[in-house]
Amino acid sequence: MSSIERSPWLIHYDASSCNGCDIEVLACLTPVYDAERFGCIVTGDPKQADIFLVTGSVNHLNAPIVKNIYDQMPEPKAVVAIGACAYSGGVFAECYNVSGGVASTIPVDVYVPGCAAKPESILDGVVRAAQILKEKEKAMRATRKAERKGRKAEGAQR
Amino acid sequence: MVGSAAQAALAVSLAIAAAPSLPQGFVVDLPELDSWLLGGELAMAAFVVVVAALKRRGLTLLLGIAQAALALIGERWTGGVKVETHFVVDQVSLLLVLIVGIVGGLIIVYAGGYMWTYHEEHPGVRDRRRLFSFTMLSFIGAMYGLVLSNDLRLMLLFWEMTTLASFVLIGYAGDEGADKSAFLALNLNLVGGISFSIGIMFLAARTGRVELDALLAMAKAPEAALVAAPVALIALAALVKSAQLPFTPWLLGAMVAPTPVSALLHSSTMVKAGVFLLIKLAPALSGTTTGYLVAFVGILTFLVGAFAAVSSRNAKRVLALSTVSNLGLIVACAGIGTYQLVWVGLFLILFHAVAKALLFISVGTASVGTGSLDIESMGGLIVSMPRVTLFLIVGISCMFVAPFGMLVSKWAAMEAFMNLNSIVSPFMIAALAFGSATTVLFWAKWMGTLIRIPDPSAPRGLLEDRVTRYELNSEVALMVLAIATCVFYPLVSKFAFEPYLVATFGKAFGLDRGNMMITVLMVVMTVAVPTLLLVISGNSKGSLSSAYMSGRVSGPGLAFKGSKGAELRVATRAYYLEGIFGEKRILKAGIALGLLLVLITAGTVLI
Amino acid sequence: MKGIEIYIAIAYVVLGPLLGGLLDGFDRVITARLQGRVGPPLLQPFYDLRKLFTRRIRPVNRLQLPLIASHLVFAVLTGVLFFYGSDILLIIFVLTLASIFLVLAAYSTGSPFSTIGADRELLLMTAYEPMIIIALVALFGVAKSFNFYEILSSAMPIYLYLPGIYLGLVFVLQMKLRKSPFDISASHHAHQELVMGLTADMGGPALGMVELAHWYESVYLFALVLLFFSSSWVSAIVGLSVTYSLIIFLDNVTARVKWQRALSIAWLVTLVAGAGNLIPFYLISRGTP
């Protein structure tokens, strides 16, 4: 089992959620759902997080912030969009200030359905995101290897 | 410049010449010595009286007259006393000679560059650089005399000379603030001088001797009671000179002087004269009531200095308070006066002199660059003045980080206090524990301010173009010296201090050889590891990320984006904890307590 | 005992993280059970550490990583010296050196979170150092030695002589181990304070190094506690378990204090429990060489 699967650290950002999904995210941490079973820790710090949980639709004001948090996370990283709003903007999709779901700003790996999303499905989303991270890690290693080989070959040519 | 080099060479050659056979005594074969001494005292008193009259300072005038009167009255007992050796060169005085010569010399070299910028920045101050250099050099000359004198009358003469020299230097700027500080320093030190001369009179009247070695010999013999009062009076003078509570304000006031003066006062001269004398007196102080009182004054000063330094934002003031604090520890060591603590005290003198000189002159250079003495204005100095920051960091490390000198001494002090087997030791240890923890706080936060990098992409060394060659040379030399003392201190211990302790106490003390080697290795590691890692990572040209700023970051550097796209720059400042360590309050309490202790000391003299 | 120290020191370098990680793992499991949760697997800290070292993150500036690496090097060195049998008083000063590197790494970023975290860490250092020094001095007073093994083999029930100092030490260990109520500079596990305080700008391998250094540190901190109970195997096991449980218990039942309180409470405890124990002890043992 890859280490990332056993220790996915989370950061949670409320884009412009009605707080329904946020409460369910917090519920995941309580004894009933106990996200720490999967090695999850909710850090407040993007630099220490592996999986980005976003709730709510993205609007013009917070799009740069979503982008910024995403950029500060170490590679590889995964994004989980939680709830209907995070998927498409939900009932707010047509609002003048809403740019749409999370995917309008950053690439999303897992969508968790629901309005609000259930804690069980949020946990499921996190576990899936961890698996995706594992794949990304593998791919990253492969590219790095290829790069190194390429550089070596370049050096040999010279 | 030439003078400085010449006197440093003189100091070194004296050390080399005298080193093989220590201690060595010298006799001044001068039949009119008594009249010369009296003449010197009167001339200095006359100077004080004239200056006081010109500036209308009544108290100083009275003190000057008192000094002259004492010199004349004292002549009755001290005149014509038979003196066997006038000067004695031993390991301790040689250490001081070397410190004064080399550190003092480097400070004068530094002054060559600094005073030039100083006058450029302070057009209001009359350019009296000739007087300045003359006084600095005579100051150093007087220090040589002071540390080598065995005849206490000679020592007093040099003692008063340092007082006057410091008076002239502190008042250099000539404005009201400088005058006030200069006269405060003069008044307090004149009081100390008067106590010193009364002490000598007592000594001469009771025992017919005026030599330091004779005094020390008698202190151990049955006639110890005879010399108790003179020892206390002389110790009091030393407390004034070394700026112990309640006399601390004169040294804090002396900050108004140009930086080289502060560097000289704090590191190699003046205050070191006071602790030097106390260290010399240690065998006479050890185990006496006066000794314990002196030790308590010292440890009180140590604590108060460290606490007060936490809440101060002015770089020079922090340095001054830290000097006061460290001197307090030396005084405490001398007051208890066991051979182990004297070893500690000697090393504290050595390490402190070098590191503090480095710190003062580097702060001077930094303040020219940033235009302020505020520590907060030094935020990010590592970017704008990388070289000066290196000097400051080395200096600060030497003051409080583990394998470096000051901390090694503190560690040895702790072990020595433990071996004391007296009821004062738990108090001393507790005070030392609290004091050194506080020391860590105020140095480390300063260091943190220096290396704060608000914007890694900013160009480097922007503020360094006005740093003169003289300044850089002395700073580099002192930095090398500071690290060298930490590496080679076991040798100093073996060849200088242990022989002195054997000669004085009959017992030698050094830290355990294995421990000394560990500390030396650690010094090497502490310098090498970060440097090595820095060099390795410096080669990696990988890109950087911005610091975490809660998402709403704006561009490079530390700023948030406010509403309507306005950029809000982040300002951080270190903790100063005014509520807990308020400087004024703590100093006031310290002065009151110190005064109480000194009054008790005075009371014991009368009894 | 002679000659074996060097092997113990080497074993510490290799096995120290294992032990430290396990201490942390048990801590997380026990904490979860106290809260009625299942909690992570016992080996969770090791998974976390391994993961941290696989992450790729750019540093904030060129000083940050060298300073953090120095922190790790000196934290390990402290432990090596400790188990090599050097003077433990010296070792505590080296411990300060290691912490200073971490604080400087945080300061260097200039970010408000890291800076305040660093400020608070310094404050905590000021708060706990006197107590640790007094504890060591008191240990010397009982065992007449500063060597770890000599105190260990003195076979005296030191906790009976120095109960106040033991309690004071546990109190400040709470700071050193970043436990509530004193986790004000950076916090552990799922807690947050000032984002991540001192470590706010450290991610991936940088955080991994800090974590590793912390494990190394916790091993010799518990070895220090062991000195109080070294009179027999039973007392050693009971003493260590009680201390460990006490620390976790306090972590779970207390709320974070303000930094002003942290300093004043710690100093008060040091004065009352530490100095208050030292002085009577000194008076009683005085005269016995």
Side-chain angles (χ1 to χ4, degrees), chain B residues 379-380 382 401-403 407 410-411 414-415 418 421 423 425-427 429-430 432-434 436-438 440-441 444-445 447-449 451-456 512 514-515 518-519 522 525-526 529-530 533-534 536-538 542-550 558 570 572 574-575 577 579-580, chain C residues 57-63 65-67 69-70 73-74 77 81 86-87 89-90 93-94 96-97 100-101 103-104 107-116 118-119 122-123 125-127 129-130 133-134 137 140-141 146 195 200-201 260 263-264 267 270-271 274-275 278-279 282-283 286-287:
Chain B
I382 193 164
V401 174
L407 235 256
K410 271 184 196 164
W411 166 44
M414 208 121 16
E415 307 216 341
M418 253 173 305
N421 207 22
I423 186 59
S425 63
F427 292 99
I429 289 164
L432 204 53
F434 282 104
S436 42
T438 318
V440 170
L441 176 62
K445 74 185 162 91
M447 221 168 173
T449 307
I451 72 160
R452 187 190 300 154
I453 304 175
D455 182 4
D512 175 53
N515 279 336
I518 287 177
T519 56
M522 295 249 342
M525 272 191 78
T526 315
V529 169
L533 288 166
L534 265 176
I536 293 171
S537 76
S543 56
L544 300 171
S545 65
S546 58
Y548 179 64
M549 297 283 288
S550 318
L558 298 173
V570 166
T572 42
Y575 282 9
L577 313 184
I580 304 173
Chain C
I57 189 166
R58 291 167 296 155
V60 174
N61 58 53
R62 304 248 176 262
L63 282 179
L65 287 178
L67 285 172
S70 305
V73 169
F74 282 95
L77 183 76
L81 287 173
S86 299
D87 191 313
L89 194 55
L90 171 69
F93 290 135
V94 182
T96 312
L97 172 66
I100 298 268
F101 276 117
V103 168
L104 289 183
Y107 270 127
S108 78
T109 65
S111 106
F113 302 104
S114 291
T115 305
I116 299 177
D119 280 336
L122 275 181
L123 209 73
M125 282 166 68
T126 315
E129 227 185 52
I133 292 175
I134 286 176
V137 168
F140 176 86
F146 269 129
V195 184
D201 284 294
Q260 296 92 331
L263 182 65
S264 49
W267 276 24
T270 306
L271 272 179
L278 190 66
I279 292 166
Y282 213 91
L283 285 175
R286 209 176 139 199

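As a basis for the values below, the full set of heavy atoms in this structure was taken, side chains included, without hydrogen atoms, waters or symmetry mates. So you know, we letter chains A, B, ... as the sequences are listed, proteins then strands, and number each from 1.
Partners of Phe101(C) according to the ring-ring contact (aromatic ring centres under 6.0 Å, His included) rule, which considers only residues two or more places apart in sequence or in another chain, are Phe74(C). Applying the side-chain contact (heavy atoms from CB on, under 4.5 Å) rule to Thr115(C) yields the partners Thr572(B), Tyr107(C), Asp119(C); only residues at least two apart in sequence or on another chain are considered.
Highest contact tally toward chain B, considering only Thr96(C), Val103(C), Leu77(C), is held by Leu77(C) [criterion: heavy-atom pairs under 4.5 Å]. If you tally non-hydrogen atom pairs under 4.5 Å between each of Ser264(C), Ala127(C), Ala118(C), Ser108(C) and chain B, the highest count goes to Ser108(C). Counting heavy-atom pairs under 4.5 Å between each of Trp267(C), Phe140(C), Phe146(C) and chain B puts Trp267(C) at the top. In terms of non-hydrogen atom pairs under 4.5 Å with chain B, the most contact-rich of Asp201(C), Val60(C), Asn61(C) is Val60(C).
Using a 4.5 Å cut-off between heavy atoms, Leu432(B) makes no contact with chain C at all. Residue contact with chain B, scored on non-hydrogen atoms closer than 4.5 Å, is absent for Ile57(C). Of the atoms belonging to Leu90(C), heavy atoms from both backbone and side chain fall under 4.5 Å from chain B. Using a 4.5 Å cut-off between heavy atoms, Ser425(B) contacts chain C through its side chain alone, with no backbone atom that close. For Ile429(B), the part sitting under 4.5 Å from any heavy atom of chain C is the side chain, from C-beta outward, and nothing else.
Interatomic distance, Leu441(B) CG to Glu129(C) CD, rounded to the nearest 0.5 Å: 10.5 Å. One distance of note links CD1 of Ile133(C) with CH2 of Trp411(B); it measures 13.0 Å at 0.5 Å rounding. Atom CG in Leu63(C) sits 5.5 Å away from atom CD1 in Ile451(B) (nearest 0.5 Å).
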Would Leu97(C) and Leu407(B) satisfy side chain to side chain contact (heavy atoms under 4.5 Å, CB included), going step by step from the backbone distance to the final call? CA-CA 11 Å; Leu97(C) 172 66; Leu407(B) 235 256; over 6 Å; no
How far apart are the C-alpha atoms of Asp87(C) and Glu415(B), what are their side-chain angles, what is the distance that settles it, and do they pass the side chain to side chain contact (heavy atoms under 4.5 Å, CB included) test? CA-CA 10 Å; Asp87(C) 191 313; Glu415(B) 307 216 341; 2.5 Å; yes
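Residues Lys445(B) and Leu122(C) approach most closely at N-CD1, 3.5 Å, considering heavy atoms.
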